[in-house]
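Below: one structure, written as structure tokens.
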Amino acid sequence: MSAGGDAHVHGVEIILEDVVKRYPNAPTPAVAGVSMTIPAGETVVFVGPSGCGKTTTMRMINRLIEPTSGRITIAGRDALSIDADRLRRGIGYSIQQAGLFPHLTVGRNVATVPGLVGWDRKRIAARVDEMLDLVGLDPDTYRHRYPRQLSGGQQQRVGVARALAADPPVLLMDEPFGAVDPITRGLLQDELLRLQSELGKTIVFVTHDFNEAVKLGDRIAVLGNQSRILQYDTPEAILANPADDTVAGFVGGDASLKQLTLTRVRDVRLLHCPTVHEDGSVDDFRNALLARKRRWGLVLDRRGRPLRWVSSQHLAHADSLRDVGDPVGEIVTVQSTLQDALEALLAESSASTVVTGRHGEYAGLVTIDILVAALRELREEHADDHDDDHGPAHWAEPSGRHAARGAAPDEAPS
């Protein structure tokens with residue numbers, strides 16, 4: 001899911017064998033005998049209620065918490081045989097609220113681990129700029145800022161950049177997006193999916209949000225008390241066949257709607273509207289709208305990113321496209337799920353939502369009709385075969401009356 005079939009795998013396999021954590025004077029272990037294999041290059045999500053031991057289990061991988069017994073191997077090496085500091089420098093770690101050093105600039109935060117492992121200054125400087133660019137932050141703009149000068153979402157991006165700066169094969173993420181607003185959280189999830197598709201790391205991700213687990217995970221480990229594994233499988237398999245009533249409780253009563261989380265916006269056919277760059281001709285664009293019988297179009301910046309909706313009425317007395325129109329509202333990306341798109345449509349009370357590509361460029365529109373068709377086909381597919389290994393990505397094109405309704409984009413700004 002997250003890594004995708006085309007990603008070059010840079011991650012390594014992690015194996016936990018009967019791993020136990022006991023604290024002094026505690027009547028029962030915090031973690032009781034966890035055994036699992038985390039495949040190289042995949043994202044495995046630990047999901048479970050607060051206090052179940054999922055964070056403790058993850059922290060034993062990099063020995064921030066020492067296991068009481070059991071064995072953890074990383075790329076075939078016993079983690080306990082490696083110096084703890086050296087082990088941690090080779091594993092990226094991203095936590096809630098970023099955990100940035102407030103007295104250091106963004107650049108120096110990102111440079112922390114490369115500096116600790118002995119990189120030279122020139123290589124570190126180049127890597128800082130590379131990583132900031134990778135997480136969507138312009139190096140010239142953000143390199144010298146301090147964490148307090150950033151939004152919560154920007155701080156999380158820096159936290160991910162810092163975790164990846166020394167190019168570790170493994171990335172541990174402990175509720176990294178839990179402290180930001182839902183819109184920013186969705187965008188950060190999309191960014192992580194994009195990064196993983198390019199980097200192919202082994203990611204262990206902790207969350208209490210089952211929807212987040214379904215969206216991000218190649219596999220999900222549903223954990224109960226003491227980190228007992230209730231089910232460890234693909235999101236598709238868990239949604240279709242929960243192992244027991246406890247797992248079914250995580251899935252919830254809206255399992256059908258959660259099927260929308262299994263499919264990316266990139267997997268469906270998008271609709272399109274007329275577009276123009278903001279330095280384009282008002283007259284030419286007005287004529288384009290009339291020729292295509294469209295009431296609305298999009299103004300893009302010089303990099304093709306959507307800025308504003310404009311109508312023929314907006315253009316009637318305009319001299320320039322630079323300040324005319326209504327701002328674009330909720331945006332989803334090609335990495336977003338269809339559930340993200342549905343939430344964006346509901347938030348805007350709109351018939352369509354703008355979709356952007358990997359670099360923020362306009363990619364098309366997703367409409368409520370597309371989502372309805374997708375959900376219908378997905379339900380039919382699961383009704384025919386719950387064990388289909390190919391998943392929903394293979395039905396891509398809405399058909400019939402849902403695909404034919406071309407009027408929806410014209411209602412977008414309403």
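We're numbering straight along the sequence, starting at 1.
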D340/K215 under side chain to side chain contact (heavy atoms under 4.5 Å, CB included): CA gap, chis, key distance, verdict: CA-CA 10 Å; D340 294 329; K215 178 175 179 178; 2.5 Å; yes
With side chain to side chain contact (heavy atoms under 4.5 Å, CB included) as the test, would you mind laying out the steps for V19 and T57 before giving the verdict? CA-CA 8 Å; V19 175; T57 301; over 6 Å; no
Would you please test I61 and V204 for side chain to side chain contact (heavy atoms under 4.5 Å, CB included) and show each step? CA-CA 9 Å; I61 294 173; V204 180; 4.1 Å; yes
Search all heavy atoms of R228 against all heavy atoms of A32 and return the closest pair with its distance. NH2-CB, 3.8 Å
Can you tell me how far OG of S151 sits from CZ of R157, rounded to the nearest 0.5 angstrom? 8.5 Å
Do the side-chain N and O atoms of Q339 and T261 include a donor-acceptor pair separated by under 3.5 angstrom? yes
Take the angle between the ring planes of H272 and Y362 and call it parallel below 30°, perpendicular above 60°, tilted in between. perpendicular
So, the side chain of E191 versus the backbone of Q189: is there a donor-acceptor pair under 3.5 Å, distance only? no
Can you give me the closest heavy-atom contact between A243 and L230, atom names plus distance? CB-O, 3.6 Å
Are the charged groups of R322 and E278 less than 4.0 angstrom apart, N to O? yes
Nearest heavy atoms of G325 and V310, plus distance in Å: CA-CG1, 3.7 Å
Would you call the rings of F250 and F210 parallel, tilted or perpendicular if under 30° counts as parallel and over 60° as perpendicular? tilted
Is there a side-chain contact between V135 and L195 in this structure, where contact means two heavy atoms from C-beta onward sitting under 4.5 Å apart? yes
Just one of Q156, Q335, M173 clears the side-chain contact (heavy atoms from CB on, under 4.5 Å) bar with L192, so which one? M173
When rounded to the nearest 0.5 angstrom, what distance separates CD1 in I15 from OG1 in T37? 4.5 Å
Answer whether the closest heavy-atom distance between the side chains of S35 and L16 falls below 4.5 Å. no
Could you check whether T333 and D190, counting side-chain N and O atoms only, form a donor-acceptor pair closer than 3.5 Å? yes
Distance col, row I368:CD1 vs L346:CG, nearest 0.5 angstrom, shows 6.0 Å
Counting N and O atoms only, with roles assigned by atom type, does the side chain of E13 sit under 3.5 Å from a partner on the main chain of A40, one being a donor and the other an acceptor? no
Between R143 and D138, is there a side-chain N and carboxylate O pair less than 4.0 Å apart? no
Under 3.5 Å, side chain of K54 to main-chain N/O of G48, donor-acceptor pair present? yes
State whether a side-chain donor-acceptor pair under 3.5 Å links N62 with R88. no
d(R22 CZ, T28 OG1) to nearest 0.5 Å is 8.0 Å
Short N-O contact, R71 and D18, less than 4.0 angstrom: no
Would you indicate whether the side-chain heavy atoms of D181 and T184 approach each other to under 4.5 Å? yes
If I compare all heavy atoms of I38 with all of T202, which pair ends up nearest, and what's the gap? CG2-CG2, 3.7 Å
Under 3.5 Å: donor-acceptor pair, side chain of R145, backbone of T105: no
Has the side chain of E175 got a donor or acceptor atom that lies under 3.5 Å from a matching backbone atom of H208? yes
To the nearest 0.5 Å, tell me how far I74 CD1 sits from S81 OG. 9.5 Å
Would you check if the side chain of R77 reaches a backbone N or O of I82 as a donor-acceptor pair within less than 3.5 Å? no
What are the two closest heavy atoms between V332 and A341, and how far apart are they? CG1-CA, 3.9 Å
With respect to V265, which candidate in T337, T356, T353, L338 satisfies the side-chain contact (heavy atoms from CB on, under 4.5 Å) definition? L338
When you check the side-chain N and O atoms of T55 and D174, is any donor under 3.5 Å from an acceptor? yes
Should V44 and M36 count as side-chain neighbours, where that means a heavy-atom distance under 4.5 Å? yes
E212 and T207: side-chain donor and acceptor closer than 3.5 Å? yes
Judged by atom type as modelled, is there a donor-acceptor pair below 3.5 Å linking the side chain of Q155 to the main-chain atoms of P147? yes
Say whether, by atom type as modelled, one donor and one acceptor occur between the side chain of D233 and the main chain of A237 under 3.5 angstrom. no
K201/E42 ion pair, N-O < 4.0 Å: no
May I ask you to test the L298-R308 pair for a side-chain heavy-atom distance under 4.5 Å? no
Can you check side chain to side chain contact (heavy atoms under 4.5 Å, CB included) on R185 and D209, steps first, answer last? CA-CA 12 Å; R185 185 173 190 167; D209 184 337; 3.7 Å; yes
Taking atom CG of L193 and atom CZ of R358, what is their separation to the nearest 0.5 Å? 10.5 Å
Under the 3.5 angstrom rule, does the side chain of D218 hit a backbone N or O of T43 as a donor-acceptor pair? yes
Test item: side-chain donor near acceptor, Y93 and R59, under 3.5 Å: yes
Can you find a heavy atom in the side chain of R264 that is under 4.5 Å from one in the side chain of S336? no
Using modelled atom types only, decide if a donor and an acceptor are shared between the side chain of Y142 and the backbone of Q154 within a distance under 3.5 Å. no
Is there side-chain contact between I238 and T234, with heavy atoms separated by less than 4.5 Å? no
